[in-house]
Amino acid sequence: MLDPEALKRRIAVLQIEHRGLDATIAALVDEPPVDELQVRRLKKRKLQIKDTIVLLQMQLTPDVPA
């Protein structure tokens, strides 16, 4: 497991990439003709990044006994 600071840095990098993909998708959709395949691929990548961010954030949160 990575140290907490390394996890935070990785999360920050992924969040920047996630926001960049959001801007790219918005720009592609606003400019006809829309390449639907490219938009779908970018949205899939964006979702994968979001899932990774959530998993990393879960590693930062200590387990709470039930």
Side-chain angles (χ1 to χ4, degrees):
M1 183 170 118
L2 297 173
D3 67 283
E5 289 306 313
L7 287 174
K8 289 177 185 177
R9 285 191 302 273
R10 180 71 178 137
I11 290 169
V13 169
L14 289 171
Q15 288 172 331
I16 291 168
E17 185 178 352
H18 188 268
R19 284 192 299 270
L21 283 172
D22 201 27
T24 302
I25 291 167
L28 283 173
V29 171
D30 289 343
E31 294 293 324
V34 177
D35 184 351
E36 293 294 332
L37 180 60
Q38 184 178 14
V39 170
R40 279 197 311 257
R41 286 179 178 160
L42 291 173
K43 285 182 177 182
K44 184 176 180 179
R45 175 67 182 140
K46 185 178 161 190
L47 184 59
Q48 290 171 335
I49 290 170
K50 183 66 175 175
D51 290 344
T52 303
I53 289 170
V54 170
L55 289 174
L56 292 174
Q57 288 173 333
M58 287 172 54
Q59 289 180 17
L60 284 175
T61 306
D63 290 336
V64 178

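All figures in this text were calculated on a predicted structure; none of them were measured in a lab.
Taken to the nearest 0.5 Å, the CD atom of Gln57 stands 6.0 Å off from the CD atom of Gln15. Distance CD1/Ile25 to CG/Asp30: 12.0 Å, rounded to 0.5 Å. Taken to the nearest 0.5 Å, the NE2 atom of His18 stands 7.5 Å off from the CG atom of Leu47. To the nearest 0.5 angstrom, Leu42 atom CG is 12.0 Å from Lys44 atom NZ. Expressed to the nearest 0.5 Å, how far CG of Leu60 lies from NZ of Lys8 amounts to 6.5 Å. Here the straight-line distance linking atom CZ of Arg10 with atom CG of Leu56 works out to 7.0 Å at 0.5 Å rounding.
When hydrophobic clusters are built by joining Ile, Leu, Val, Met, Phe, Trp and Tyr residues whose side-chain heavy atoms come closer than 4.5 Å, directly or via intermediates, Val39 is grouped together with Leu21.
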- Item | Evaluation steps, side chain to side chain contact (heavy atoms under 4.5 Å, CB included), between Lys50 and Lys46 | CA-CA 6 Å; Lys50 183 66 175 175; Lys46 185 178 161 190; 5.9 Å; no
- Task: Any chance you could lay out the side chain to side chain contact (heavy atoms under 4.5 Å, CB included) test for Thr61 and Met58, step after step, and finish with the verdict?
- Result: CA-CA 5 Å; Thr61 306; Met58 287 172 54; 5.7 Å; no
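Heavy atoms only, all atoms of each residue included: Val34 and Val29 are closest at CG2-O, 3.6 Å.
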